[in-house]
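Here's the structure, in structure tokens; my notes come after.
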Amino acid sequence: ASITARLSLTGPLATDSLTTQKLTIQPGRESRTTFRISAKQAIGPGAITVTVNGLGETFTEKTDITVRPAASLQKSTLSGSVAGGKAQTLSLTDAATRFLPGTTRASVTLSRSPAAQYGKELSYLLGYPHGCLEQTISKAFPQIYFADLTKQIGSTTYFVRTNDSDLNPATNVRQAIQKIEGLQAQNGGFAMWPGQTEVDEWATAYAVHFLAESQEAGYEVRSSVLSSAIDHLTNFTNNPATENVTSYDESGGRSVRKIASRTAIYSLYTLAIAGKPNRSAMNYYKQNIGSLTADSRYLLAAAFFRVGDTRSFTTLLPKRYV
């Protein structure tokens with residue numbers, strides 16, 4: 001049998017081959033032909049229709065297909081300030097060239113509060129695809145004060161104040177607390193994923209930080225969980241810890257030096273936040289200030305400030321900020 005196959009396309013689709021092909025099918029056999037189809041630089045619904053004529057019959061098959069961007073949703077933000085009586089120009093030409101035509105949307109938010117720049121990020125938090133301990137905390141931590149921030153900036157961000165809902169920040173915080181409590185190991189530390197027994201020290205400090213802040217904001221946290229985690233961090237910080245940091249000079253030379261463990265310094269800060277400071281460990285690192293990086297100095301200074309030791313706080317800060 002001799003047949004003719006025809007291809008027709010609608011939507012953002014194109015073919016880089018013939019749209020009509022003829023085939024001869026031998027008795028008792030099958031034959032196949034190939035049409036090459038590609039997507040245009042556009043998005044939207046499309047359709048592929050194949051029509052075959054042969055043996056006095058017409059056969060038609062239609063396949064609907066949606067052309068979508070190869071990348072996920074991307075957001076680009078700009079922020080700044082405008083003095084009273086002055087003008088400021090915002091250029092969106094970059095977005096027009098980087099994204100597919102017809103896929104961009106821009107909005108402008110004006111506010112007297114610097115917090116306005118976080119409006120979109122606050123909305124994104126409600127749908128953040130969290131999973132591990134760090135991601136769970138990162139989603140829930142800002143939501144402790146979500147309602148206060150949205151009220152301050154007058155945002156149109158939609159959220160629910162009552163009842164259990166993914167759009168209720170209070171629900172998200174409570175669920176995060178429950179999930180974190182379920183990740184606690186026997187020694188008081190926290191694992192990164194359910195079913196794991198290996199404790200992650202940095203994530204444990206992050207969890208204590210979140211639980212302490214949540215409790216201070218009025219959320220219910222099991223005292224046994226927080227107390228056990230605090231004991232774990234205290235034991236962890238009792239032993240001075242170091243880590244290697246690598247730096248490169250302009251000629252490409254590589255050097256490695258030991259610094260005070262950033263995880264240990266952060267743990268000391270979270271212990272101070274929780275009201276259970278490890279003063280002996282804090283004093284040790286203060287006496288070895290040369291082993292602290294700039295960020296560690298700020299964090300340790302903040303820990304001393306939290307416990308009311310303003311003299312140590314001032315000593316640790318770089319002089320130009322004192």
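As a basis for the values below, the full set of heavy atoms in this structure was taken, side chains included, without hydrogen atoms, waters or symmetry mates.
Listed here is the closest heavy atom pair of Glu181 and Arg222: OE2-N, 3.1 Å. The two residues Phe190 and Leu133 have their closest heavy-atom pair at CB-CD2, 3.6 Å. When every heavy atom of Ile137 is checked against every heavy atom of Ala203, the shortest pair comes out as CD1-O, 4.5 Å. The two residues Ala140 and Val173 make their nearest non-hydrogen contact at O-CG2, 3.7 Å. The heavy-atom pair separating Gly188 from Ser228 by the smallest distance is CA-OG, 3.2 Å. When all heavy atoms of Leu211 and Val221 are compared, the pair lying nearest together is O-CG2, 3.7 Å.
Between Lys276 and Leu233 there is no side-chain heavy-atom pair separated by less than 4.5 Å. Counting heavy atoms from C-beta on, the side chains of Thr136 and Phe210 never come closer than 4.5 Å. A 4.5 Å side-chain heavy-atom check between Thr310 and Phe304 finds every atom pair outside the cut-off. A heavy-atom distance below 4.5 Å is not found between the side chains of Val50 and Phe59. For the pair Ile37/Leu7, a side-chain contact is recorded, criterion being any heavy-atom separation below 4.5 Å from C-beta on. Between Leu13 and Ser38 the shortest side-chain heavy-atom distance does not fall below 4.5 Å. Counting heavy atoms from C-beta on, the side chains of Tyr266 and Leu299 come closer than 4.5 Å.
Atom NE2 of residue His232 and atom CG of residue Asn235 lie 8.0 Å apart, to the nearest 0.5 angstrom. Residue Ser280 holds its OG atom at 9.0 Å from CG of Leu268, rounded to the nearest 0.5 Å. Distance check, rounded to the nearest 0.5 Å: CG of Leu9 to NZ of Lys40 gives 8.5 Å. Rounded to the nearest 0.5 Å, atoms CD1 (Ile3) and CG (Leu23) are 5.0 Å apart. Going from atom CD of Gln215 over to atom CD of Glu213 covers 11.0 Å, rounded to the nearest 0.5 Å. Separation of atoms OG1 (Thr204) and CG (Asn187) is listed at 8.0 Å; rounding is to 0.5 Å.
The side chain to side chain donor-acceptor pair (under 3.5 Å) check on Asn53 picks up Arg6, Thr58, with sequence neighbours excluded. With sequence neighbours excluded, the residues that form a side chain to side chain donor-acceptor pair (under 3.5 Å) with Gln21 are Thr33.
The aromatic rings of Tyr206 and Phe141 sit tilted, their planes meeting at an angle between 30° and 60°. The aromatic rings of His209 and Tyr269 sit perpendicular, their planes meeting at an angle over 60°, well past the 30° parallel limit.
For Thr15 (side chain) and Arg36 (main-chain N/O), a donor-acceptor pair under 3.5 Å exists by modelled atom type. A donor-acceptor pair is defined here as one N or O able to donate and one able to accept, closer than 3.5 Å; no such pair exists between the side chain of Ser2 and the backbone of Thr24. Using modelled atom types, one side-chain atom of Gln196 and one backbone atom of Trp193 make a donor-acceptor pair closer than 3.5 Å. Distance alone, capped at 3.5 Å, is enough to place a donor-acceptor pair between the Gln135 side chain and the Cys132 backbone. Within the 3.5 Å criterion, the main-chain N or O of Glu134 finds a donor-acceptor partner in the side chain of Ser138. The main-chain N or O of Val208 is never found under 3.5 Å from a side-chain atom of Thr270 such that the two would form a donor-acceptor pair. When atom types are taken as modelled, the side chain of Asn238 and the backbone of Thr234 share a donor-acceptor pair closer than 3.5 angstrom. Between the side chain of Ser261 and the backbone N or O of Ala264 there is at least one donor-acceptor pair closer than 3.5 Å. A donor-acceptor pair is defined here as one N or O able to donate and one able to accept, closer than 3.5 Å; such a pair exists between the side chain of Gln143 and the backbone of Lys139.
For Lys258 and Asn244, the side-chain atoms include at least one donor-acceptor pair closer than 3.5 Å.
A single hydrophobic cluster is not seen to contain both Val199 and Phe236; linkage of ILVMFWY side chains at heavy-atom distances under 4.5 Å, directly or through other members, places them apart. Residues Val52 and Ile25 share a hydrophobic cluster, clusters being chains of Ile/Leu/Val/Met/Phe/Trp/Tyr side chains in contact below 4.5 Å. Ile259 and Ile265 end up in different hydrophobic clusters when Ile, Leu, Val, Met, Phe, Trp and Tyr side chains are linked at under 4.5 Å. Hydrophobic clustering, with ILVMFWY side chains joined whenever heavy atoms are under 4.5 angstrom apart, keeps Ile65 apart from Ile43. Taking hydrophobic clusters as Ile, Leu, Val, Met, Phe, Trp and Tyr residues chained together by side-chain heavy-atom distances below 4.5 Å, Leu226 shares a cluster with Ile177.
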Next on the checklist: Evaluate Arg254 against Val256 for side-chain contact (heavy atoms from CB on, under 4.5 Å), listing each step before the verdict.
Outcome noted: CA-CA 7 Å; Arg254 178 177 178 272; Val256 179; 3.9 Å; yes
Checklist entry - When you look at Ile144 and Tyr219, which way does the side-chain contact (heavy atoms from CB on, under 4.5 Å) test go after all the steps? => result CA-CA 9 Å; Ile144 297 176; Tyr219 289 92; 4.3 Å; yes
Side-chain donor-acceptor pairs of residues 282-297 under 3.5 Å, sequence neighbours excluded:
unit_1	atom_1	unit_2	atom_2	d
Asn283	ND2	Arg279	O	3.1
Tyr285	OH	Ala241	N	3.1
Lys286	NZ	Ser312	OG	3.0
Asn288	ND2	Tyr284	O	2.8
Ser291	OG	Asn288	O	2.8
Thr293	OG1	Asp295	OD1	2.4
Thr293	OG1	Ser296	N	3.4
Thr293	OG1	Ser296	OG	3.1
Asp295	OD2	Arg262	NE	3.2
Arg297	NE	Leu316	O	2.8
Arg297	NH2	Leu316	O	2.8

